[in-house]
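Here the structure is laid out as structure tokens; the discussion comes afterwards.
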Amino acid sequence: MERKIVVAGNWKMNMLPSQTGEFIAGFKGKFKDDRQVVFCVPAVSLSVAVEAVKGTNYAVGAQNLHEKESGAYTGEISSQMLADMGVKYVIIGHSERRQYFGETDEGVNAKAQSALGAGLIPIICVGETLEERNKNITLEVVRLQTKVALHNIEEKAVKNIVIAYEPVWAIGTGLTATSQQAEEVCKAIRDLLAELYNDSVAKAVTIQYGGSVNGKNAGELFSQPNIDGGLVGGASLKAEFVDVVNG
Ligand code: 13P
């Protein structure tokens, strides 16, 4: 089975709810049909985005969730709430959340299980810092993050997961990993999936690259054998996103 190219735009904390509908509508008819495009918008813009993608094959994703179904967690949003409003994907464990909001690999695992339980597709982010790359421990770091994130997740469920390899040093810096560097780590993640589960799981799971992807480098990155699309920050907020998606 051929894996589909999945390109998710992570808007982070950008764009107003009132700008969202028009921005998404501006892409209509511009993406190649064989691409799955996901707009991961701020929580307050999710309902507008869900409305804007009606009648298209684009999907909407959230940028975070709380792992509990409901309860006294002021300010938080559960997987069930996201699914109920028509959200299909959710980014989990982005390096900014790990860095600024203290998210851990164990927390990522709890959130991933919660998302899967509600029928959402988690986009689980992993990636090394520059210091870790310089110490030559990139593969160990990424293997550990992935292994803990997938703890207790069964074979049936894991096929619905997207893993995004985002080297922290490449995020928002304009320093893209070379396609060889990105492919090496994405392949190591796929090998780990074969080790933890089996070849069929390894072949089925979508593995994205993220970190300074733009209209010029997307084509080469997404044509690597183990890179099935991207998680895109800055370039997803511009018209250039069309070139990124179409690669
Ligand atoms: P940039 O594409 O802006 O580097 O951001 C990458 C990212 O963090 C996507 O989640």
Side-chain angles (χ1 to χ4, degrees), residues 1-8 34-38 40 57 59 61 65 67 79 82-83 87-95 98 103-128 132-133 136-167 177 179-211 213 220-231 247:
M1 190 192 70
E2 268 291 290
R3 287 184 303 272
K4 212 173 186 174
I5 297 276
V6 182
V7 184
D34 61 350
R35 305 305 205 224
Q36 174 64 64
V37 176
V38 188
C40 298
N57 58 356
L65 57 77
E67 66 271 22
S79 305
L82 296 173
V87 170
K88 299 279 186 251
Y89 288 75
V90 58
I91 299 173
I92 294 178
H94 190 279
S95 69
R98 294 175 188 257
E103 293 207 3
T104 61
D105 292 336
E106 289 73 17
V108 169
N109 176 242
K111 290 185 179 194
Q113 297 202 42
S114 163
L116 289 165
L120 297 169
I121 300 177
I123 302 177
I124 298 176
C125 302
V126 295
E128 82 288 3
E132 289 162 342
R133 176 160 284 270
N136 228 350
I137 55 171
T138 296
L139 297 186
E140 286 88 342
V141 167
V142 170
R143 276 178 60 96
L144 184 67
Q145 289 173 335
T146 310
K147 211 165 167 174
V148 179
L150 299 180
H151 182 65
N152 275 342
I153 294 179
E154 288 174 8
E155 174 178 345
K156 215 166 55 217
V158 83
K159 289 187 175 175
N160 296 319
I161 283 178
V162 174
I163 297 176
Y165 166 54
E166 296 207 305
S179 50
Q180 288 78 5
Q181 286 171 324
E183 166 63 16
E184 183 195 16
V185 181
C186 291
K187 180 175 186 307
I189 295 170
R190 204 174 299 287
D191 290 346
L192 175 65
L193 291 170
E195 201 179 300
L196 295 175
Y197 298 91
N198 52 49
D199 280 349
S200 138
V201 166
K203 283 202 182 93
V205 172
T206 297
I207 303 178
Q208 299 174 319
Y209 166 78
V213 175
E220 193 186 323
L221 285 161
F222 301 171
S223 64
Q224 300 303 309
N226 288 290
I227 303 180
D228 314 315
L231 185 56

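Note that the structure is a prediction, hence the values are computed from the model and not measured.
In this structure, the side chains of K159 and V201 come closer than 4.5 Å at one or more pairs of heavy atoms. Between C186 and Q208 there is no side-chain heavy-atom pair separated by less than 4.5 Å. Under the 4.5 Å side-chain criterion, counting only non-hydrogen atoms from C-beta, V38 is not in contact with K88. Taking the side chain as every heavy atom from C-beta outward, Y165 and Q181 never approach each other to under 4.5 Å. V148 has its side chain within reach of E106: a pair of non-hydrogen atoms, C-beta onward, lies under 4.5 Å apart. Between V141 and Q145, the closest side-chain pair of non-hydrogen atoms falls below 4.5 Å. Within the 4.5 Å cutoff, the side chain of S179 has no heavy atoms near those of the Y209 side chain. Between Y197 and V205, every side-chain heavy-atom pair lies at or beyond the 4.5 Å cut-off.
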Please list every donor-acceptor pair under 3.5 Å in which a side-chain atom of residues 113-125 meets a protein atom from a residue at least two apart or in another chain.
{"unit_1": "Q113", "atom_1": "NE2", "unit_2": "N109", "atom_2": "OD1", "d": "3.2"}
{"unit_1": "Q113", "atom_1": "NE2", "unit_2": "H151", "atom_2": "O", "d": "3.3"}
{"unit_1": "S114", "atom_1": "OG", "unit_2": "E67", "atom_2": "O", "d": "3.2"}
{"unit_1": "S114", "atom_1": "OG", "unit_2": "S79", "atom_2": "OG", "d": "2.5"}

Item to check | Evaluation steps, side-chain contact (heavy atoms from CB on, under 4.5 Å), between V126 and I189 | outcome: CA-CA 10 Å; V126 295; I189 295 170; 4.0 Å; yes
Item to check | Criterion side-chain contact (heavy atoms from CB on, under 4.5 Å) on V213 and V7, from CA distance to verdict | outcome: CA-CA 11 Å; V213 175; V7 184; over 6 Å; no
Checklist entry - Under the side-chain contact (heavy atoms from CB on, under 4.5 Å) criterion, do D34 and I5 qualify, and how do the steps go? => result CA-CA 7 Å; D34 61 350; I5 297 276; over 6 Å; no
Next on the checklist: Go through it in stages, so that I can follow the logic: the residues are L139 and E184, the test is side-chain contact (heavy atoms from CB on, under 4.5 Å), and I'd like the CA-CA distance, side-chain angles, deciding distance and then a yes or no.
Outcome noted: CA-CA 9 Å; L139 297 186; E184 183 195 16; 4.1 Å; yes
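Electrostatic pairing of D191 and K187 counts as a salt bridge here, judged by a charged N lying under 4.0 Å from a carboxylate O.
With T146 as reference, L192 is the one residue of V108, L192, L196 to meet the side chain to side chain contact (heavy atoms under 4.5 Å, CB included) rule.
Atom CG of residue D228 and atom CD of residue Q36 lie 13.0 Å apart, to the nearest 0.5 angstrom. In this structure, CG in D199 is found 10.5 Å from CG in L193, a value given to the nearest 0.5 Å.
Every residue two or more places apart in sequence or in another chain that forms a side chain to side chain donor-acceptor pair (under 3.5 Å) with D105 is listed here: R98. Take E103 and apply the salt bridge (Lys or Arg N to Asp or Glu O under 4.0 Å) test, not counting sequence neighbours, and it matches R97, K111. Checked against side chain to side chain donor-acceptor pair (under 3.5 Å), E183 has the following partners two or more places apart in sequence or in another chain: N226. With sequence neighbours left out, the salt bridge (Lys or Arg N to Asp or Glu O under 4.0 Å) criterion links E128 to R133.
When all heavy atoms are compared, the tightest approach of A182 to L221 is CB-CD2, 4.0 Å. In terms of heavy-atom proximity, A112 sits nearest to I153 at CB-CD1, 4.0 Å.
Side chain of Y89 to main chain of A8: no donor-acceptor pair is present (N/O by atom type, distance under 3.5 Å, no hydrogens or angles). Of the possible polar contacts, none joining the R3 side chain to the A204 backbone as a donor-acceptor pair under 3.5 Å is found.
Listed by first and then second residue, the salt bridge (charged side-chain N to carboxylate O under 4.0 Å, His left out) pairs involving residues 138-156 are R143-E195 (not counting sequence neighbours).
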